[in-house]
Undergrad: 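Quick one: this structure, given as C-alpha cells, is what I'll be asking you about.
Atoms within a ligand are numbered from 1 in the order they appear, just like the ligands themselves. Note that these values count all heavy atoms, side chains included, but never hydrogens, waters or copies made by symmetry.
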Amino acid sequence: MNLIDALEDLRARFEDALKNSAGADSLDAVRVAFLGRSGDVTAVRRSIGKLPPAERPAAGQRINEAVEKMERALNEAQAKAEAIEVGASLSQRIDVTFPSIPPQQGSIHPMKRVMHDVCAYFERHGFAVVVGPEIEPDYYNFDALNIPPEHPAREGFDSFFLTPNLLLRPHTSPMQIRTMQQHRPPVAVVVPGTCYRRDAVDARHLYQFNQCEGLLVDEGVHMGHLKGMLTGMCRELFGSEQQVRFRPSYFPFTEPSAEVDTTCPLCRGAGGECRMCGGSGWIELGGAGMVHPNVLRNVDYDPDVYSGWAFGFGVERMALVRYDVDDIRRFFENDDAFLEQLA
Ligand code: PHE
C-alpha cells in the first residue's frame, strides 16, 4: 500500500473509532490506539524509511498533517464528552421532601421491662421498691435466713465466694433481713436485683440472673394474701386468665414453703405437646412461703405478734414466658433484631 492509501485507510478507521466511542474513557483508548507510541500512526511513519530519500520530507509532512487533524478531532470530541457528563450531573434532581432514614431508636431491655412491671404492680399495692448489695457476707445470705453453717441448703445455692465470708449473693433474700433490720413492721417491699450462682449455662440457666423478691410482714398476714398478690401479678403480666398454684416445697427461711407455678401462657394450661411447659400446663416461677419464725426472731420481730410471707421469682423465667422465647441466653446476646422484635 502506498503512503496515500495508507493514510486514507488510517483516516477512515480513525473516524469510525471516533464515532463509536462513548465518553472520555473510550476516547482515551482511541488516542492510544492511533497516536500512541505503538499505535497505527507510528507504523505508517516507519514505512517512510522504505521511500527514496527525495520523497521522504513530503511524506513526513503529510503524516504530520494527518496527525494534527486527528488530534484536533480528538480534542473536540473530548471537550464535547466532558460537557455532556457535567450537564448530566447538574441535571440530577434532589428531592428535598424525600423522607430520610429514621434515626435508630433504643428501647427498654425486656428483662428491665419485666422487672419494672413486677415492681409497678407491687408499688400500686403499697409496696416500696428497695435494692441491696450484690456482694453480701454469709450472715445475710445464710445465717440470718435460718441457714446455719454446715446446713445442707447452703450447697443448693452454689455460690461464688470472694473470701471465706463474702460472696456474690445467690438470691435476693438477704434484703429481707436488711429491710427488717431497718424498719419495724408493717413492712412491704419488693426487691429487684441481680444474683449469681455457679450454674452451667444452658437454655434455662445462667450464672448471672435476676430475681424479684417480695416481703410482707404485719399482724395477721397469711398465705391467702400471698396467693392473691401473686395471682394478680401473673394476670397483669401474662393475661387475665392466669392461675397460680402452690406446690409444697422446702426453704429454711419459710414455713410452710411452696414452689409457685402459673398457667402456661402458651397452651393456657392444656398441656399436651406444649413445648413451653413440656405438657404439664404449668410454668414454675420461683419459691415462696410464710417467713420462718426463726427469721423473724433474728431481726427482733416477735413471731407471736407478727407473721409474713416472702417470695423470690426468677425474672428471666418470667421473661421467657411472657415473650415466648425458648432460650434464656437470647436475652443477653445483644442481638439488635431480637431486641427490636420485643421492643
Ligand atoms: N430465695 C429463694 C431462692 O432463690 C426463693 C425464695 C424467696 C423462697 C423467698 C421463699 C421465699 O431459691
Undergrad: At a 4.0 Å threshold, what atoms of ligand 1 neighbour a non-hydrogen atom of A310?
TA: 9 (C), 11 (C)

Undergrad: With a cut-off of 4.0 Å, which atoms of ligand 1 are near a heavy atom of E213?
TA: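 Close to E213: 7 (C), 9 (C).
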
Undergrad: Applying the salt bridge (charged side-chain N to carboxylate O under 4.0 Å, His left out) test to D117, which of R322, K112, R124 qualifies?
TA: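 One option only clears the test, and that one is R322.
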
Undergrad: Can you tell me which portion of F311 lies within the under-4.0 Å heavy-atom range of ligand 1? Options are side chain, backbone, both, or neither.
TA: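 For F311, only backbone atoms sit under 4.0 Å from ligand 1.
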
Undergrad: Show the atoms of ligand 1 that are less than 4.0 angstrom away from any heavy atom in S173.
TA: 1 (N), 7 (C)

Undergrad: Does the ring centre of Y196 sit less than 6.0 Å away from the ring centre of F209?
TA: no

Undergrad: Would you say the rings of F122 and F311 are close, in the sense that their centroids are separated by under 6.0 Å?
TA: yes

Undergrad: Run the side-chain contact (heavy atoms from CB on, under 4.5 Å) test against R297 and tell me which residues pass, sequence neighbours left out.
TA: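 Scan of R297 (side-chain contact (heavy atoms from CB on, under 4.5 Å), adjacent residues dropped) gives P293, N294, P303.
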
Undergrad: Closer than 4.0 angstrom: is that true for some heavy atom of G286 and an atom of ligand 1?
TA: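 No heavy atom of G286 comes that close to ligand 1.
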
Undergrad: Return the closest protein heavy atom for atom 7 (C) of ligand 1 as residue, atom name and distance.
TA: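 Heavy-atom neighbour on the protein nearest atom 7 (C) of ligand 1: G312 N, 3.3 Å.
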
Undergrad: Under 4.0 Å, heavy-atom basis, I'd like to know which part of R197 is in contact with ligand 1: side chain, backbone, both or neither.
TA: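 The answer is the side chain.
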
Undergrad: Please state which part of C195 comes within less than 4.0 Å of ligand 1, counting heavy atoms only: side chain, backbone, both or neither.
TA: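 The answer is neither; C195 stays 4.0 Å or more away.
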
Undergrad: side-chain hydrogen bond (donor to acceptor under 3.5 Å, both in side chains) for Q61 and R56? Distances and angles first, verdict last.
TA: CA-CA 9 Å; Q61 178 115 24; R56 288 179 196 170; over 6 Å; no

Undergrad: Would you mind running through ligand 1 and noting each atom that sits below 4.0 Å from a heavy atom of Q176?
TA: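 Those atoms are 9 (C).
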
Undergrad: N141 and H171: which non-hydrogen atoms are nearest, and at how many Å?
TA: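 In this case the closest contact between N141 and H171 is O-NE2, 3.2 Å.
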
Undergrad: Can you tell me if F313 contacts ligand 1 (heavy atom of the residue under 4.0 Å from the ligand)?
TA: no

